[in-house]
Each structure stands twice: as C-alpha cells, then as structure tokens.
Amino acid sequence: MNMKIISGANQKGGVGKSTFVAHLAYRALEKGLRVLLVDMDKQGSLSLTFNASNKSGLVASMLFSDDFVKQPAQKVAENLFIIPADNKLLAIDKAENTVIRNPAKALKQYGNDFDICIIDTPPLLGIRLMSSLAASDYVVTPVSIGLYEMAGVADLIQTIHVIRTQGFNPKLKHIGILPMKTNNRSTREQAGLQELKASYGDVILNESLPERAAVKNAVDEKVAVWHKPRGGSHQKAAKEWIAACDAVLARIK
Ligand SMILES: Nc1ncnc2c1ncn2[C@@H]1O[C@H](COP(=O)(O)OP(=O)(O)OP(=O)(O)O)[C@@H](O)[C@H]1O
Ligand SMILES: [Mg+2]
C-alpha cells in the first residue's frame with residue numbers, strides 16, 4: 001500500500017484544474033512513477049487529454065457503487081492508466097450522501113499497483129468533489145485572481161475543513177492554493193494576489209502560473225507545456241510549469 005492520492009479541486013470553473021492535474025501526471029511519469037488518473041468531471045477534460053475511451057470497462061461512476069469489484073484501469077501510456085469520466089457521473093450528485101466514502105474504498109484496492117493517483121474534480125461543490133477529497137491524501141487548489149474567482153476560495157477551504165473534521169477523512173492535507181493564469185503586469189491583479197495572501201497567507205504556494213499562450217497550445221496538442229519549448233515565452237512557461245509541478249510533487253510523501 002504505497003499509492004498516494006491527490007485531487008485538484010476548486011468549484012470555480014475554468015481556473016486550470018484539469019490543465020494542472022494533467023501536468024502533474026506528465027511530471028510524475030518523468031520521475032518514473034506509476035500513475036493512475038481518475039476523471040470525476042463529466043466534461044472529461046482529462047480523459048480527452050489522454051485519449052481515453054469510456055465505451056467499455058472501468059469508468060469513474062462505478063467507483064461510487066456500494067459493492068465495487070476491482071477491475072483494470074485503462075492503459076493509455078507506459079506507466080499511465082486512467083479511470084475515465086462517463087455520463088453516469090452526473091447522476092451521482094443526486095445520490096445519497098452515503099456514497100461519499102465509496103471512491104475512497106474502491107481506490108484503496110489499487111494501492112499496490114500505482115505510486116500516485118491524481119483526481120480531476122468537477123467545478124461543483126457536490127458529492128463528487130466531496131468524495132474525491134474523502135479519498136485523497138492531498139488536495140491542491142488552483143485559483144485564478146479576480147473578484148468572482150477569489151470569492152469561492154472560502155467555501156472550498158470550508159469544505160476541506162468539513163471533510164477533515166466530520167469523519168470523512170481526517171488525514172487530508174491541503175498542499176495549498178496555486179495562483180493560476182496570473183498577469184504580472186496588471187497592478188490590479190497584483191493587488192488581488194496581495195489580498196489573497198492577506199486572507200490565506202500560509203496556504204498560498206510560492207509558485208504561480210502566469211497566463212501564457214504556450215499553455216493553451218500545449219493543451220490543444222496534448223503535450224506538456226515543457227515539451228519542445230520554442231521561443232522565450234514558451235521557455236518561461238516551461239520553467240514555470242515544471243517548478244509548480246515539482247513543488248507540489250515534493251510535498252507528497
Ligand atoms: N497558465 C495558463 N495560461 C493560459 N491558458 C491557460 C493557463 N492555464 C489554463 N489555461 C487554459 O484555460 C482553460 C481552462 O483550463 P482548464 O480546463 O484546465 O480549467 P478547469 O478548472 O479544469 O475547468 P473546469 O472547471 O471547466 O473543469 C483551458 O483552455 C486551458 O488551456
Ligand atoms: Mg476541468
């Protein structure tokens with residue numbers, strides 16, 4: 001039993017959760033780890049990035065069943081397996097709260113097969129997010145800077161607190177808030193970042209990921225940002241993403 005589980009979580013949509021989670025996987029693979037991905041988001045971003053099919057075999061909604069029977073995850077590359085998103089995930093948020101603990105139990109059965117399990121969560125404070133946190137050893141929170149984006153952080157921190165203190169998962173550790181899609185030239189954003197630091201100082205990671213065209217290109221090409229960097233801005237993005245992924249992976253013991 002050595003598999004560690006980490007979720008990328010923020011109920012705000014479009015902050016870069018799936019992008020970051022995919023990069024954690026790329027980086028973990030480069031470090032020789034055996035990686036299991038779980039796509040809890042019906043949108044299936046992670047499943048798309050890694051060309052997973054949800055037509056047959058194990059899919060994420062199955063992890064919520066009371067009598068889950070272990071079956072192989074889908075192999076998408078050497079050392080990389082995925083439990084893809086499927087249509088039945090939407091119904092899970094209407095299920096009873098009692099299923100919240102089921103994915104933790106199901107994923108435990110893969111403890112000897114992988115070194116790290118990385119969960120992408122939906123932009124919704126519902127059962128799938130709660131159960132991802134209940135299953136995780138760690139959670140990392142990508143947050144973009146802005147009035148609407150920052151307003152949700154308190155709710156997420158509260159949810160993490162509930163998961164820890166109400167018997168779901170006392171061992172859950174918050175690796176921290178990762179400022180995403182930042183714009184270093186904007187004084188308004190710098191002020192926003194300062195505000196975030198004033199409210200949540202300790203939990204904000206030193207690394208941040210500026211908004212760069214190279215990131216979106218890499219996502220579209222389904223490669224890591226640091227894959228064959230061309231030009232100065234791309235090279236900067238490559239360095240930033242490696243640093244952020246390494247900082248997060250270094251916290252996983
Ligand atoms: N640092 C960045 N610079 C530029 N674009 C970025 C950056 N980070 C993420 N993006 C882009 O932002 C968009 C949203 O990212 P992503 O899908 O990862 O967010 P998400 O939080 O997973 O969204 P959802 O809540 O819908 O699941 C994508 O097009 C992605 O390529
Ligand atoms: Mg996503």
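Along the sequence shown, residues are numbered consecutively beginning with 1. As the structure lists them, so they are numbered: ligands from 1, and atoms in each ligand from 1. Owing to the predicted nature of the structure, the values given are computational and were not obtained by experimental measurement.
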Review point. At the 4.0 Å heavy-atom cut-off, does S45 count as touching ligand 1?
Key: no
Check your understanding: Can any side-chain N or O of Q74 pair as donor or acceptor with the backbone N or O of S53 at less than 3.5 Å?
Key -> yes
**Study point:** Best match, M180, K181, K216: closest heavy atom to atom 10 (N) of ligand 1
**Key:** K181
Check your understanding: Considering residues, nucleotides and ligands other than K239, do more than 12 of their heavy atoms fall under 6.0 Å from its NZ?
Key -> no
Check your understanding: Below 4.0 angstrom, N of the basic side chain to O of the carboxylate: do D137 and K171 qualify?
Key -> yes
**Study point:** N or O contact, G16 vs ligand 1, cut-off under 3.5 Å
**Key:** yes
Check your understanding: For ligand 1, which atoms have a heavy atom of G14 less than 4.0 angstrom away?
Key -> 14 (C), 19 (O), 20 (P), 21 (O), 23 (O), 24 (P), 25 (O), 26 (O)
Exercise for review: Run the numbers for me: atoms of ligand 1, each under 4.0 Å from some heavy atom of V15, listed by number.
Suggested key: 19 (O), 20 (P), 21 (O)
Practice item. Mark yes when over 12 heavy atoms from residues, nucleotides or ligands other than K216 sit less than 6.0 Å from its NZ; otherwise mark no. Key: no
Check your understanding: If you count the atoms of ligand 1 from 1 in the order shown, which ones are under 4.0 Å from a heavy atom of P210?
Key -> 1 (N), 2 (C), 3 (N)
**Study point:** Any N or O of R212 closer than 3.5 Å to N or O of ligand 1
**Key:** yes
Study note, to complete from the structure: Minimal heavy-atom distance between V59 and I83, with the atoms involved, is C-CG2, 3.6 Å
Point to revise | Side chain proximity check, I6 to V248, heavy atoms < 4.5 angstrom | key: yes
Check your understanding: Given Q43, E240, K42, which has its nearest heavy atom closest to atom 26 (O) of ligand 1?
Key -> Q43
Review point. Considering distance alone, does some N or O of V215 sit under 3.5 Å from an N or O of ligand 1?
Key: no
**Study point:** Under-2.8 Å protein N/O/S neighbours of the Mg ion (ligand 2), ordered by chain then residue number
**Key:** S18 OG
Point to revise | salt_bridge(R27, D246) N-O dist < 4.0 Å | key: yes
Practice item. Mark yes when over 12 heavy atoms from residues, nucleotides or ligands other than Q71 sit less than 6.0 Å from its CD; otherwise mark no. Key: yes
**Study point:** Nitrogen or oxygen of A213 less than 3.5 angstrom from that of ligand 1
**Key:** no
